[in-house]
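Let me begin by presenting the structure, written as structure tokens, before commenting on it.
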Amino acid sequence: MPNPTAFFEGKFVPLAEANVNIMTHAFNYGTAVFEGVRGNWNADQGELYLFKVRDHVRRIRQSAKIMRMDGITYSEDEMCGILLEAVARNGYQEDVYVRPMIYKSSEVVGVRMHNLEDQFLVFVTPFGAYLDPEAGARCATSSWRRIDDTMIPARAKVNGLYVNNAMAKTEAQLNGFDEAIMLNEDGHVSEGSGENIVMIRHGVLITPPPSDNILEGITLETALYMAEREFGLRVERRSIDRSELYIADEVFMTGTAAHVTPVVEIDRVPVGDGRPGVVSKQIQDLYFQAITGRLPQYAEWLTPVYQGSQVATS
Ligand code: PMP
């Protein structure tokens, strides 16, 4: 039986008891950084596989560094261990989403980052598909621009920054689309509200560079790595115009929540013939096999939760 449990204020407690005071700084000002990690259930093996835990822990630590949040003394290894233990204690036998967060926990009024206390928390929740991986996503270019590094760094997963993403997602969904594509201040394609974006033109995978205000995605790197290694495809990182997406052969999105999802339509223009692209589906298929522990060559990316392994080193 699942046992909803959180890591909160230094120990494991029932999720129902992991509550913050309304004066908490992070609640008032968005002064927190977070991650999303997937645990993928393999029913045949009776195992839940955490995907690239260490990469996520490294990224939350980088986010915290950018935000000058230096009050957390756990090492990288300790944080990986806490994540693994949190998932194991919850006991889910289905796909889960793991949410680590470092947040300004002081109960005090005043906008700043310094001279405040930090806390680290982890919770775990069952989580199925985010976008439809089979049908693909119908996207719209957002009227909300992607926030710039000179405003709130997009390479850090800052809680308050996600208002920008939420505005874009809501606009897209209320207009009848599945997902938003955000342009940056220069008018170049940046990313989805919770996904990186890749287009395929003339057999080359093209994705915006980090300087176009993307989150440096872990799923993106995974998909590009597999495309190069398994299919010998070339990868290019350069700025992309909105209209270039309209004439791309294929477009797909990547993200911890969205996995690898083909984009079938942008601003009501069909991508290719309007069906999920062949290469996108091949990459998606391989990715699903890898994250559920079906490809031994990628086992190093996974941490099995119930067979009590060490957290993967890569
Ligand atoms: N961009 C944004 C804005 C996101 O929130 C996410 C999800 N973390 C991504 C891209 C994809 O990153 P990742 O593959 O590391 O989950």
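Atoms within a ligand are numbered from 1 in the order they appear, just like the ligands themselves.
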Query raised in the report: Lys157 heavy atoms, cut-off 4.0 Å: which ligand 1 atoms fall inside?
Result: 4 (C), 5 (O), 7 (C), 8 (N)
Query raised in the report: Would you say Leu215 has any N or O atom under 3.5 Å from an N or O of ligand 1, going by distance alone?
Result: no
Report task. Would you please say whether a donor-acceptor pair under 3.5 Å links the side chains of Ser143 and Glu171? Result -> yes
Query raised in the report: Should you measure from each heavy atom of Ile218, which atoms of ligand 1 turn up under 4.0 Å away?
Result: 13 (P), 14 (O), 15 (O)
Query - Min N/O separation Ser193 to ligand 1 under 3.5 Å - result: no
**Report entry** Closest to atom 14 (O) of ligand 1 (judged by heavy-atom distance), picking from Asp55, Thr219, Leu161, Asn196
**Finding:** Thr219
**Report entry** Donor-acceptor under 3.5 Å (Arg146 side chain, Asn213 main chain)
**Finding:** yes
Query raised in the report: Applying the side chain to side chain donor-acceptor pair (under 3.5 Å) test to Lys104, which of Asp118, Asn28, Asn159 qualifies?
Result: Asp118
Report summary line: Nearest non-hydrogen protein atom to atom 16 (O) of ligand 1, with distance, is Thr256 OG1, 2.5 Å
Query - Mode of Glu195 contact toward ligand 1 - side chain, backbone, both, neither (heavy atoms, under 4.0 Å) - result: backbone
Query raised in the report: Are any of the heavy atoms in Glu221 under 4.0 Å away from ligand 1?
Result: no
Query raised in the report: Side chains of Asn42 and Tyr49: is there a donor and an acceptor less than 3.5 Å apart?
Result: no
Query raised in the report: Would you say Gly194 contacts ligand 1, with heavy atoms under 4.0 Å as the rule?
Result: yes
Requested in this report: Keeping the roles fixed (side chain from Asp212, backbone from Ser190), state whether a donor-acceptor pair exists under 3.5 Å.
Outcome: no
Query raised in the report: Going by the order shown, which atoms of ligand 1 are within less than 4.0 Å of some heavy atom of Gly217?
Result: 12 (O), 13 (P), 14 (O), 15 (O)
Query raised in the report: Distance-only, no hydrogens or angles: does the Thr219 side chain make a donor-acceptor pair with backbone N or O of Thr256 under 3.5 Å?
Result: yes
**Report entry** Backbone or side-chain N or O of Glu191 under 3.5 Å from ligand 1 N or O
**Finding:** yes
Query - Between Asp77 and Ser75: side-chain donor-acceptor atoms closer than 3.5 Å - result: no
Report task. Check whether any N or O atom of Thr254, backbone or side chain, sits under 3.5 Å from an N or O atom of ligand 1, and answer yes or no. Result -> no
**Report entry** Heteroatom distance test (Asn165, ligand 1): nitrogen or oxygen, under 3.5 angstrom
**Finding:** no
Query - Minimum-distance protein heavy atom relative to atom 5 (O) of ligand 1 - result: Tyr162 OH, 2.6 Å
**Report entry** His56, any N or O under 3.5 Å of ligand 1 N or O
**Finding:** no
Query raised in the report: Side chains of Gln62 and Lys65: is there a donor and an acceptor less than 3.5 Å apart?
Result: no
Query - Linked, directly or transitively: Met79 and Tyr103 (ILVMFWY side chains, under 4.5 Å) - result: yes
Query raised in the report: Can you find an N/O atom of Glu216 closer than 3.5 Å to an N/O atom of ligand 1?
Result: no
**Report entry** Whether Asn164 side chain and Arg145 backbone form a donor-acceptor pair below 3.5 Å
**Finding:** yes
